[in-house]
J.: 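Sending over a structure as structure tokens; questions will come in a sec.
The structure displayed is predicted, hence computed values, not measured ones.
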Amino acid sequence: MSAAIIDGKEFAARVRAKVATHVGRLKADHGLTPGLAVVLLGDDPASQVYVRSKGKQTLEAGMNSFEYKLANDTSEAHLLDLIDRLNRDPEVHGILVQLPLPAHLDSDLVINAIDPAKDVDGFHISNVGLLGTGQKSMVPCTPLGCLMMLRDYHGDLSGMHAVVVGRSNIVGKPMAQLLLGDSCTVTIAHSRTRDLPAMCRSADILVAAVGRAEMIPGDWVKPGATVIDVGINRVERDGRNKLVGDVHFESAAAVAGAITPVPGGVGPMTIACLLANTVTAACRANGLPEPDGLTV
Ligand code: GUN
């Protein structure tokens, strides 16, 4: 292996420490405790693990955590009523509705019911538009975490060719917008891209966000490139469950200049950035200066 490992676990701990310091100052100087409300419908085990982790880390950062666990068959009217109450609650600065939602609910409608100023996921159509036009917005947590790590590793990204594999609203599209904002030349590739291996090989920065275990092998990676692996895929190996990324780690690490591992790369940054977004939202809601280095 020749690639430098970009340690997301360590980086996320630094972000969380910065968040906690700022929360301490907000409490001491302004009597303000940022609060994050997380809404979970149903009993999907993976979502339950995420939500528990979010609640724990929110409290550890000194913030208020409000959790709403609703039944899988919760009606749209009931969920919209809860969101309306959270929108009007001055103790709540961030609202996150865990996705995916049960099939009977319209995710777009639900997300767009959240006050954009409290939309710490950055999924509301207003925030999508603000990000796309280079204006101040709430930035989706996973791409924000990826950008923070890339800036930390490279400094200036301008002029680099970034290939984002995956076109989801949660990762691929906002990631591309952020990289464009940092003056990369950006290509969004996907399952229909012609000669995907050659496209990946042209990337100085390769972001893999497709959700397919080890789909990208080392010979798709340009020597010296930086590889950001957003995938978290559960596979069975030798009778055991294992987490792997969208990139085949061993072969990619042999040619890349730097790579994020799975686990311990992008994953821990997502919740750290959620906490960062909650502090940013609390500051904006109260007309206070935003902490340095917690948003773009
Ligand atoms: N489900 C998986 N990732 C996410 C995320 O970043 N935000 C929300 N709301 N749900 C998710």
J.: Is there a donor in the side chain of H78 and an acceptor in the side chain of S75, or the other way round, less than 3.5 Å apart?
T.: no

J.: Crowded around D43 CG? As in, over 12 foreign heavy atoms under 6.0 Å?
T.: no

J.: Mark yes or no for whether D246, through its side chain, and V210, through its backbone, hold a donor-acceptor pair below 3.5 Å.
T.: yes

J.: With rounding to the nearest 0.5 angstrom, report the CD1 to CD1 distance, I114 to I125.
T.: 13.0 Å

J.: Group every Ile, Leu, Val, Met, Phe, Trp and Tyr by side-chain heavy-atom contacts under 4.5 Å, then state whether L26 and L275 land in the same group.
T.: yes

J.: Using only atom types and a distance under 3.5 Å, with no angle test, would you say the side chain of N277 pairs donor to acceptor with the backbone of D121?
T.: no

J.: Look only at the side chain of R201 and the backbone of D219, and say whether a donor-acceptor pair between them is shorter than 3.5 Å.
T.: yes

J.: With hydrophobic residues grouped by side-chain heavy-atom distances under 4.5 Å, do V207 and L178 end up in a single group?
T.: yes

J.: Within the distance-only criterion (no hydrogens, no angle test), does the side chain of K118 pair as donor or acceptor with the backbone N or O of V92 below 3.5 angstrom?
T.: yes

J.: Can you tell me how far the CD1 atom of I83 sits from the CD atom of E76, to the nearest 0.5 Å?
T.: 9.5 Å

J.: Using every non-hydrogen atom in the two residues, find where A254 and S2 come nearest and quote the distance to one decimal.
T.: O-OG, 3.1 Å

J.: Start with the C-alpha distance between E290 and K136, add both sets of side-chain angles, then the distance that settles side-chain contact (heavy atoms from CB on, under 4.5 Å), and finish with yes or no.
T.: CA-CA 12 Å; E290 291 169 29; K136 191 180 274 212; 3.1 Å; yes

J.: Quick one: CG on D229 to CD on E214, what's the gap to the nearest 0.5 Å?
T.: 9.0 Å

J.: Would you say CG of D195 has more than 12 non-hydrogen atoms from neighbouring residues, nucleotides or ligands within 6.0 angstrom?
T.: yes

J.: For a side chain to side chain donor-acceptor pair (under 3.5 Å) check, start with the C-alpha distance between K69 and Q48, then their side-chain angles and the critical distance, and finish with the verdict.
T.: CA-CA 9 Å; K69 291 186 177 159; Q48 283 182 328; over 6 Å; no

J.: Looking only at atom types and distance, does a side-chain atom of N286 sit under 3.5 Å from a main-chain N or O of L288, one as donor and one as acceptor?
T.: no

J.: List the steps, then state whether side-chain contact (heavy atoms from CB on, under 4.5 Å) holds for L243 with R234.
T.: CA-CA 5 Å; L243 286 185; R234 225 167 272 277; 4.0 Å; yes

J.: Could you state the interatomic distance from CG (L41) to CG (L105), rounded to the nearest 0.5 Å?
T.: 6.5 Å

J.: Going hydrophobic residue to hydrophobic residue with side-chain gaps under 4.5 angstrom, can you get from L86 over to I111?
T.: yes

J.: Do Q98 and L96 make a side-chain contact, defined as non-hydrogen atoms from C-beta onward lying under 4.5 Å apart?
T.: yes

J.: Any heavy-atom pair between the side chains of L82 and Y68 that's under 4.5 Å?
T.: yes

J.: Tell me whether the count of non-hydrogen atoms from other residues, nucleotides or ligands lying under 6.0 Å of CZ in R212 goes above 12.
T.: no

J.: For atom OH of Y50, decide whether the heavy atoms of other residues, nucleotides or ligands shown that lie under 6.0 angstrom number more than 12.
T.: no

J.: Looking at every heavy atom in both L80 and A113, which two are closest together, and how far apart are they?
T.: CD2-CB, 3.6 Å

J.: After noting the C-alpha distance and the side-chain angles of I170 and F123, does the key distance pass the side-chain contact (heavy atoms from CB on, under 4.5 Å) rule?
T.: CA-CA 7 Å; I170 294 182; F123 296 162; 3.6 Å; yes

J.: Please answer whether the main-chain N or O of L274 pairs with a side-chain N or O of T278 as donor and acceptor at a distance below 3.5 Å.
T.: yes

J.: Say whether, by atom type as modelled, one donor and one acceptor occur between the side chain of N87 and the main chain of D115 under 3.5 angstrom.
T.: yes

J.: When rounded to the nearest 0.5 angstrom, what is the spacing between CG in L130 and OG in S137?
T.: 5.5 Å

J.: Side chains of L294 and V15: closer than 4.5 Å at any heavy-atom pair?
T.: yes

J.: State, with a plain yes or no, whether a side-chain heavy atom of L36 is found less than 4.5 Å away from one of F66.
T.: no

J.: Does a side-chain heavy-atom distance below 4.5 Å link L196 with M215?
T.: yes

J.: So does L32 get a backbone contact from the side chain of H30, meaning a donor-acceptor N/O pair under 3.5 Å?
T.: no

J.: Has K9 got a side-chain atom pairing as donor or acceptor with P263's backbone, closer than 3.5 angstrom?
T.: no

J.: Which heavy atom of A213 sits nearest a heavy atom of V235, and at what distance?
T.: CB-CG1, 3.7 Å

J.: So if I apply the side-chain contact (heavy atoms from CB on, under 4.5 Å) rule between I259 and each of I6, V221, I5, I228, which one comes out positive?
T.: I5

J.: If every non-hydrogen atom of S65 is compared with every non-hydrogen atom of G55, which pair is closest and at what distance?
T.: OG-CA, 3.6 Å

J.: Considering only heavy atoms from C-beta outward, does the side chain of R237 approach that of V244 to under 4.5 Å?
T.: yes

J.: Any donor and acceptor pair, going by atom type alone, linking the side chain of T58 with main-chain N or O of K54 inside 3.5 Å?
T.: yes

J.: If you look at every heavy atom in G293 and K18, which pair is closest and at what distance?
T.: O-NZ, 4.0 Å

J.: Is there a side-chain contact between T260 and V247, using heavy atoms and a 4.5 Å cut-off?
T.: no

J.: Is there a side-chain contact between P289 and C283, using heavy atoms and a 4.5 Å cut-off?
T.: no

J.: Sequence neighbours left out, cut at 3.5 Å: what donor-acceptor pairs do the side chains of residues 141-164 make with other protein atoms?
T.:
{"unit_1": "T142", "atom_1": "OG1", "unit_2": "T270", "atom_2": "OG1", "d": "2.9"}
{"unit_1": "R151", "atom_1": "NE", "unit_2": "D182", "atom_2": "OD2", "d": "2.8"}
{"unit_1": "R151", "atom_1": "NH2", "unit_2": "D182", "atom_2": "OD1", "d": "2.9"}
{"unit_1": "R151", "atom_1": "NH2", "unit_2": "D182", "atom_2": "OD2", "d": "3.4"}
{"unit_1": "H154", "atom_1": "NE2", "unit_2": "T226", "atom_2": "OG1", "d": "2.7"}
{"unit_1": "D156", "atom_1": "OD1", "unit_2": "S158", "atom_2": "N", "d": "3.0"}
{"unit_1": "D156", "atom_1": "OD2", "unit_2": "S158", "atom_2": "OG", "d": "3.4"}
{"unit_1": "H161", "atom_1": "ND1", "unit_2": "S202", "atom_2": "O", "d": "2.9"}
{"unit_1": "H161", "atom_1": "ND1", "unit_2": "S202", "atom_2": "OG", "d": "3.4"}
{"unit_1": "H161", "atom_1": "NE2", "unit_2": "T187", "atom_2": "OG1", "d": "2.8"}

J.: Under 4.0 Å between a Lys/Arg side-chain N and an Asp/Glu carboxylate O for D84 and R88?
T.: yes

J.: Do the side chains of E60 and R16 get close enough for a salt bridge, i.e. N-O under 4.0 angstrom?
T.: no

J.: I would like to know whether V19 and V23 meet side-chain contact (heavy atoms from CB on, under 4.5 Å); could you show each step before the answer?
T.: CA-CA 6 Å; V19 166; V23 169; 4.1 Å; yes

J.: Does one hydrophobic cluster hold both V227 and L179, with members joined at side-chain heavy-atom distances below 4.5 Å?
T.: no

J.: Would F11 end up clustered with I232 when hydrophobic side chains under 4.5 Å apart are linked, directly or stepwise?
T.: no

J.: Measure across V120 and G94 and return the closest heavy-atom pair with its distance rounded to 0.1 Å.
T.: CG1-CA, 3.7 Å

J.: Any chance you could measure H93, atom NE2, to M63, atom CE, to the nearest 0.5 Å?
T.: 10.5 Å

